[in-house]
Amino acid sequence: MDATPILQLNDIRLGYKHDHRMKVVVDGYTMQVPAGEIVCLLGPSGCGKTTVLRAIAGFEPVYAGQILLDGQVIAESGRMLEPEHRRIGMMFQDYALFPHLTIEQNVAFGLRKQSQQARKQRVDELLGLVRLSDLRDRYPHELSGGQQQRVALIRSLAPSPKLLLLDEAFSNLDTEIRQQLVVEVRSILKHSGISAILVTHNLEEAEAIADHIGTMKDGKLQGWRRMDRASGCH
Ligand SMILES: Nc1ncnc2c1ncn2[C@@H]1O[C@H](COP(=O)(O)OP(=O)(O)OP(=O)(O)O)[C@@H](O)[C@H]1O
């Protein structure tokens, strides 16, 4: 990985404190995400994948080492930048769309500070990207699982994050829809130049979406594989 990194994890330690005792989950963990590239963390249940993503998002503290986003330190021991100030988007397995808001309102949610016109333009563009413009006035329960996941994706992309985190984002979907959506998400991320980290236990999914696959075991990175993609496959 030799391009300029959008994200750097330098020798970080993560864990959980209970009753003043610390359970270390990840230690001496170092990785980089090159700008515009998609990295996948693959590994068995309990190896620490979600903990790493949660620390990058700002939901778990870093007990040693540093996390840098676009060259700026966003977390180190005793210091964390709030999640809402990190410009990191997130998309998780359970969609987490707001049930009482329409599709359009869900997508616009992170754009409240923008003018009405700018917001409308961005929402129109994103709905068009995933071909859901006709369903803008529906509520989440009126959409299929695959459609809901597309809405969750564009909602997380709406504020133009520097990095998108996807935690088992496709696990709830049928195989066929999952395969289609993975290809579509890769194309959207590449088209918008957004870097991403995806966590999964599914090798096929990792190979379909990632530029680099990191294999994790017991809180450690075992190694990296660069996917060889012919040009035009993006
Ligand atoms: N809030 C918590 N308190 C204590 N231990 C936790 C907590 N959350 C996770 N752990 C432990 O940390 C370890 C890593 O969990 P993590 O969820 O990061 O793994 P994972 O690789 O994402 O697993 P999965 O694929 O099942 O989601 C596990 O041993 C887990 O039991």
Side-chain angles (χ1 to χ4, degrees), residues 1-18 22-43 47-94 96 109-114 122 152-169 185 188-190 192-200 206 209-216 219-221 224:
M1 295 201 189
D2 47 12
T4 311
I6 186 78
L7 183 82
Q8 291 168 266
L9 306 185
N10 292 339
D11 214 7
I12 58 168
R13 183 189 306 146
L14 308 173
Y16 297 96
K17 276 186 180 162
H18 285 292
M22 166 90 169
K23 173 183 166 180
V24 174
V25 171
V26 163
D27 206 5
Y29 190 98
T30 293
M31 75 171 217
Q32 298 187 346
V33 178
E37 305 233 324
I38 303 172
V39 163
C40 184
L41 298 177
L42 186 73
C47 72
K49 306 180 297 292
T50 298
T51 304
V52 170
L53 276 203
R54 288 179 57 81
I56 296 168
F59 301 132
E60 300 295 340
V62 168
Y63 293 102
Q66 286 186 320
I67 301 180
L68 288 87
L69 182 69
D70 213 3
Q72 305 286 319
V73 176
I74 56 169
E76 58 189 344
S77 180
R79 196 166 80 89
M80 288 166 85
L81 184 66
E82 304 286 311
E84 58 273 27
H85 295 133
R86 291 192 178 197
R87 293 201 53 196
I88 293 177
M90 278 165 286
M91 181 175 159
F92 296 122
Q93 185 173 350
D94 54 4
F109 187 79
L111 303 174
R112 282 158 297 168
K113 290 185 186 146
Q114 297 193 6
R122 180 79 177 136
L153 172 75
I154 57 171
R155 190 183 63 168
S156 60
L157 294 181
S160 304
K162 291 183 174 181
L163 177 72
L164 182 67
L165 306 178
L166 302 110
D167 193 355
E168 299 283 1
V185 169
I188 290 173
L189 290 174
K190 287 289 166 186
S192 24
I194 293 177
S195 317
I197 306 178
L198 175 116
V199 151
T200 181
I209 199 167
D211 298 306
H212 306 271
I213 298 178
T215 309
M216 276 183 74
K220 301 268 180 232
L221 270 168
W224 285 105

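Any value given below was found using the heavy atoms of this structure, including those in side chains, with hydrogens, waters and symmetry copies removed. Only a predicted model underlies this, so the values are computations on that prediction, with no experimental measurement involved.
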Checklist outcome for this item: So the side chain to side chain donor-acceptor pair (under 3.5 Å) pairs with at least one residue in residues 79-88 (sequence neighbours excluded) are Glu76-Arg79
Item to check | Heavy-atom closest contact (Val25 atom, Gly48 atom, distance) | outcome: CG1-CA, 3.9 Å
Next on the checklist: Show the nearest heavy-atom pair for residues Ala55 and Ile67, with the distance to one decimal.
Outcome noted: O-CD1, 3.7 Å
Checklist entry - Who passes ring-ring contact (aromatic ring centres under 6.0 Å, His included) against Phe109, sequence neighbours left out? => result Phe98
Checklist entry - Ignoring hydrogens and geometry, is there a side-chain-to-backbone donor-acceptor pair from Thr30 to Asp11 under 3.5 Å? => result yes
Checklist outcome for this item: dist Ile194:CD1 -> Ile188:CD1 (nearest 0.5 Å) comes out at 10.0 Å
Next on the checklist: Can a donor-acceptor pair be found, under 3.5 Å and without considering hydrogens, that links the side chain of Lys49 to the backbone of Met216?
Outcome noted: no
Checklist entry - What residues, two or more places apart in sequence or in another chain, satisfy salt bridge (Lys or Arg N to Asp or Glu O under 4.0 Å) together with Lys162? => result Asp70
Checklist entry - Taking all non-hydrogen atoms of both residues, which atom of Leu166 and which atom of Ala196 are closest, and how far apart? => result CD1-CB, 3.9 Å
Next on the checklist: Nearest 0.5 angstrom please: Ile38 CD1 to Ile209 CD1, how far?
Outcome noted: 5.0 Å
Checklist entry - If you take all heavy atoms of Arg122 and Ser160, which pair is closest and at what distance? => result NH2-OG, 3.6 Å
Checklist entry - About how many Å separate CE of Met31 and CD1 of Ile56, when rounded to the nearest 0.5 Å? => result 5.0 Å
Checklist entry - Mind checking what makes salt bridge (Lys or Arg N to Asp or Glu O under 4.0 Å) contact with Asp27, not counting sequence neighbours? => result Arg13
Item to check | Spacing of Met90 atom CE and Leu164 atom CG [to the nearest 0.5 Å] | outcome: 9.0 Å
Checklist entry - Between the side chain of Lys190 and the main-chain N/O of Gly36, is any donor-acceptor distance below 3.5 Å? => result yes
Checklist entry - Of all heavy-atom pairs between Pro159 and Ser156, which one has the smallest distance, and what is that distance? => result CD-O, 3.6 Å
Item to check | Separation between NZ of Lys23 and NE2 of His18, rounded to the nearest 0.5 Å | outcome: 8.0 Å
Item to check | Test side-chain hydrogen bond (donor to acceptor under 3.5 Å, both in side chains) applied to Thr215 - qualifying residues, sequence neighbours left out | outcome: none
Next on the checklist: One pair to check against side chain to side chain contact (heavy atoms under 4.5 Å, CB included): Leu198 and Thr200. What are the steps and the verdict?
Outcome noted: CA-CA 7 Å; Leu198 175 116; Thr200 181; 3.8 Å; yes
Checklist outcome for this item: When rounded to the nearest 0.5 Å, the distance separating CD1 of Ile88 from CD1 of Ile197 is 8.0 Å
Checklist entry - So, for Gln32 and Pro34, which heavy atoms are closest and what is the spacing to 0.1 Å? => result O-CD, 3.8 Å
Checklist entry - Taking only residues two or more places apart in sequence or in another chain, which ones pass side-chain hydrogen bond (donor to acceptor under 3.5 Å, both in side chains) with Ser195? => result none
Checklist entry - What's the verdict on side chain to side chain contact (heavy atoms under 4.5 Å, CB included) for Tyr29 and Leu14, showing C-alpha distance, side-chain angles and the deciding distance? => result CA-CA 9 Å; Tyr29 190 98; Leu14 308 173; over 6 Å; no
Next on the checklist: Let's go through Val26 and Glu60 carefully: what are the C-alpha distance in whole Å and the side-chain angles of both, what is the deciding distance for side chain to side chain contact (heavy atoms under 4.5 Å, CB included) to 0.1 Å, and is it a yes or a no?
Outcome noted: CA-CA 12 Å; Val26 163; Glu60 300 295 340; over 6 Å; no
Checklist entry - Is any side-chain heavy atom of Val24 closer than 4.5 Å to a side-chain heavy atom of Tyr63? => result no
Next on the checklist: Checking Leu7 against Val39 for the side chain to side chain contact (heavy atoms under 4.5 Å, CB included) test, could you report, in this order, the C-alpha distance in whole Å, the side-chain angles of both residues, the deciding distance, and whether it holds?
Outcome noted: CA-CA 11 Å; Leu7 183 82; Val39 163; over 6 Å; no
